[in-house]
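First the structure, in the form of structure tokens, and then the observations on it.
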Amino acid sequence: MPVPALALPSIREICPLPPIRSRIYPVSPPTLGAPGPSHLGIRERSTHSLGAPPSPSPPRSSVPHPRRAFVFAARVGYTHRSHFKILTSQRGKIVDRATMPDSTSTPLAPRVRFAPSPTGFLHVGSARTFIFNWLFARHNHGTMILRLDDTDVERNTDVSVRSIFDGLHWLGLNWDEEYKQSDRLALHQQAAQDLFAKGLAYRDFTPAHSGDDNQSSAQGAWLFNPGMRELSREESDRRAASGESFALRYRVPRGLKSGVARILSFVDGVYGAQSKAADEVEDFALLRSDGMPTYHLASCADDAALNISHIIRGQDHLTNTYKHLLIFEGLGATAPHFAHLPLLVAPDGAKLSKRKHGPVVSVTTYRDSGFLPAAFINFLCLLGWSPKNDLEFMPLEQIAALFTLEGVNRANAVVNFTDADPFDPKAVWLNAEHIRSLPVEKLASEIAPFFAEAGYNATPEKIAAITPLIRERIKLLREAIGAADFFFLEELAPYDPAELIPPKGGDAAMARRVLSHALEVLPAVTFDHDSLDKALREAAATLGLKAGPMFQPIRVAVCGRKNAPPLFETMTVLGRDVCLNRIRQAIEKLESLG
RNA sequence: GGCGCUAUCGUCUAGGGGUUAGGACGUGAGAUUCUCAAUCUUAAAACCCGGGUUCGAUUCCCGGUAGCGCUACCA
């Protein structure tokens with residue numbers, strides 16, 4: 001199926017790409033007299049087996065990032081750089097998030113990223129996150145970045161990567177920069193070393209837990225492995241040097257004992273002011289024992305390196321944000337803005353998941369059933385976001401014009417599918433609306449692949465003729481196959497001859513009279529709407545019938561079913577020969593009724 | 001268990017100290033029509049519970065409850 005081009009100007013055209021600035025780690029050479037460049041003990045073996053490309057370590061820059069000029073918050077907890085001002089708060093909600101005018105620097109265009117992990121098909125929740133990021137970038141003339149978060153070698157697959165790109169391409173939304181985390185391992189490991197060198201991370205030689213062991217967390221002993229956190233540097237180095245494997249953990253500040261609790265806080269673009277005591281955050285892993293970075297580390301290191309300005313992601317990351325704040329701080333980087341999106345959940349309330357809900361959550365299911373990308377996007381946007389003006393049906397351009405984080409809701413949204421119907425009725429309705437709003441030629445080209453797939457001999461001319469007849473009758477493009485089958489079939493599918501009998505008191509004899517008379521009249525009629533209209537109404541008058549009883553037998557004879565597009569247009573497309581033929585066949589069928 | 005987030009018709013949502021609580025999908029009824037569809041009209045349908053604050057809370061505050069998320073060397 002051809003990828004429908006949405007013909008949107010790329011964000012790049014609107015906002016030329018600024019030169020990519022280099023990483024902004026403070027230059028902090030390892031000073032602890034650690035043994036060599038891999039004083040962390042990241043073993044060669046692991047690096048090799050991972051096939052880490054010899055990507056050059058990122059160029060360093062001592063030039064402060066321009067955005068640092070925006071830093072204004074005090075170092076109480078983590079400081080959230082913000083050029084937003086908070087005027088009032090209602091229900092804890094930030095009411096005014098208008099951009100604060102800044103006299104010293106011009107506001108930078110936002111840089112946002114969508115960072116899927118290629119562990120399955122693209123699912124609707126991810127698609128929505130992508131769309132919201134795209135919309136935000138588009139609305140603010142910023143840059144959209146696609147980054148494959150593929151640090152979990154165990155679970156990543158090429159199939160998944162392809163599937164994600166398929167889905168994204170189908171949506172027709174473009175991005176300006178593209179990265180792959182696995183290409184950036186050097187950066188991540190540099191970040192890990194950085195953190196370790198600063199004493200913000202420690203080696204944990206405890207063997208990895210089996211996943212379902214949450215005994216310790218139930219006891220509240222989950223915060224850290226006491227023995228490991230306090231291990232002396234010498235001891236730690238010695239064990240690492242001896243080849244003992246370890247994970248690297250963040251040394252989260254513990255203040256409860258000393259009575260100086262560190263409060264981590266940030267202002268979420270959707271959920272407003274957030275804060276949490278650092279003592280509630282566990283010593284999370286930065287590096288696995290195979291030397292691979294965890295999601296938290298890789299993601300933050302990359303976000304910092306790529307100068308991401310706004311992280312817009314699922315609400316499932318809301319509490320992870322505190323960890324990320326710690327990492328950004330440890331790296332000496334300014335944290336981006338965060339905005340979390342309410343989750344998409346199934347009717348049973350559970351987060352939409354590939355495992356539990358199957359293909360109904362896959363973007364390709366929507367595509368293959370005949371959703372228009374614009375309709376799909378429209379539907380997804382309405383889940384957790386509102387333009388607040390009673391608008392429902394919206395073209396993409398309008399959504400982009402209207403989209404703001406203020407319009408994002410905070411409660412999870414249910415995608416209302418059932419076992420019988422994988423699609424939310426509203427999605428289907430929106431699709432029908434979008435179908436009807438499409439110019440006929442455009443719709444014809446959208447439908448064509450479905451006809452081809454069904455094996456119909458569909459010429460462009462024929463499709464063009466049929467499209468206007470079915471466009472108000474289909475809600476999904478795929479339905480065109482069933483709605484227009486009789487235009488293509490040589491032989492009509494068998495139907496019950498009783499259907500030829502006119503409704504409301506008609507009988508077989510009446511049906512026979514109608515069809516026979518039609519057979520006499522039709523050869524002399526020009527097959528276009530007006531001529532057929534005139535001829536058949538006259539025929540009805542001749543037989544002393546109303547239009548209904550006259551048209552119905554002909555409709556069934558010609559289409560093979562009771563419900564079909566308007567008669568005259570249909571007959572025009574079918575042509576005289578086919579119509580006469582089918583009417584003759586119908587008369588024969590009638591004989592069987594006696 | 002701990003921590004966090006959330007709570008308006010069946011679903012998506014608007015609203016907000018005094019409203020007939022608005023819209024949309026879906027559902028029911030009717031109109032129109034050559035059938036179906038589309039279209040139009042119309043009906044039923046909601047502020048989780050309990051306390052405060054207030055002349056007045058669905059709205060603000062607190063508590064409860066419920067749901068969800070995080071609590072992995074997953075992302």
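In what follows, every chain begins at residue 1, and chains take the letters A, B, ... in the order their sequences are listed.
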(message) Could you check, using the six-membered ring where one of them is a Trp, whether A:H340 and A:H317 have ring centers closer than 6.0 angstrom?
(response) no
(message) When you measure only distances, ignoring hydrogens and angles, does the side chain of A:T319 come within 3.5 Å of the base of B:C70 through a donor and an acceptor?
(response) no
(request) Could you check A:V514, A:V521, A:L515 and say which one makes a side-chain contact (heavy atoms from CB on, under 4.5 Å) with A:H517? (result) A:V521
(request) For A:R251 and A:R229, indicate whether the former's side chain and the latter's backbone hold a donor-acceptor pair under 3.5 Å. (result) yes
(request) Tell me whether the OP1 or OP2 atom of B:U6 has a side-chain N or O from A:N409 closer than 4.0 Å. (result) no
(request) Would you confirm whether A:Y179, through its side chain, and A:L306, through its main-chain N or O, come within 3.5 Å as a donor-acceptor pair? (result) no
Close N/O contacts between protein and nucleotides 66-68 of chain B (under 3.5 Å):
{"unit_1": "B:C68", "atom_1": "O2'", "unit_2": "A:N412", "atom_2": "OD1", "d": "3.2"}

(message) Donor-acceptor pair, distance only, cut-off 3.5 Å: does the side chain of A:R555 make one with the backbone of A:N563?
(response) no
(request) Could you identify which residues of residues 470-479 of chain A place a heavy atom less than 4.0 Å from some atom of RNA chain B, listed by residue number, or say none? (result) A:E472, A:R473, A:K475
(message) Has A:Y202 got a side-chain atom pairing as donor or acceptor with A:Y250's backbone, closer than 3.5 angstrom?
(response) no
For residues 112-124 of chain A, tabulate all N or O donor-acceptor pairs below 3.5 Å that involve a side-chain atom, not counting sequence neighbours.
{"unit_1": "A:R113", "atom_1": "NE", "unit_2": "A:D303", "atom_2": "OD1", "d": "2.8"}
{"unit_1": "A:R113", "atom_1": "NH2", "unit_2": "A:D303", "atom_2": "OD2", "d": "2.9"}
{"unit_1": "A:H123", "atom_1": "ND1", "unit_2": "A:G125", "atom_2": "N", "d": "3.3"}

(message) Both A:S275 and A:V414 contact RNA chain B. Which one's nearest nucleotide lies toward the 5' end?
(response) A:S275
(message) Quick check: A:F132 with A:F403 (ring centres under 6.0 Å apart)?
(response) yes
(request) Please evaluate the base of B:A24 for a donor-acceptor partner in the side chain of A:K426 within a cut-off of under 3.5 Å? (result) yes
(request) Using the P atom on both, measure B:A44 against B:G50 and round to a whole Å. (result) 26 Å
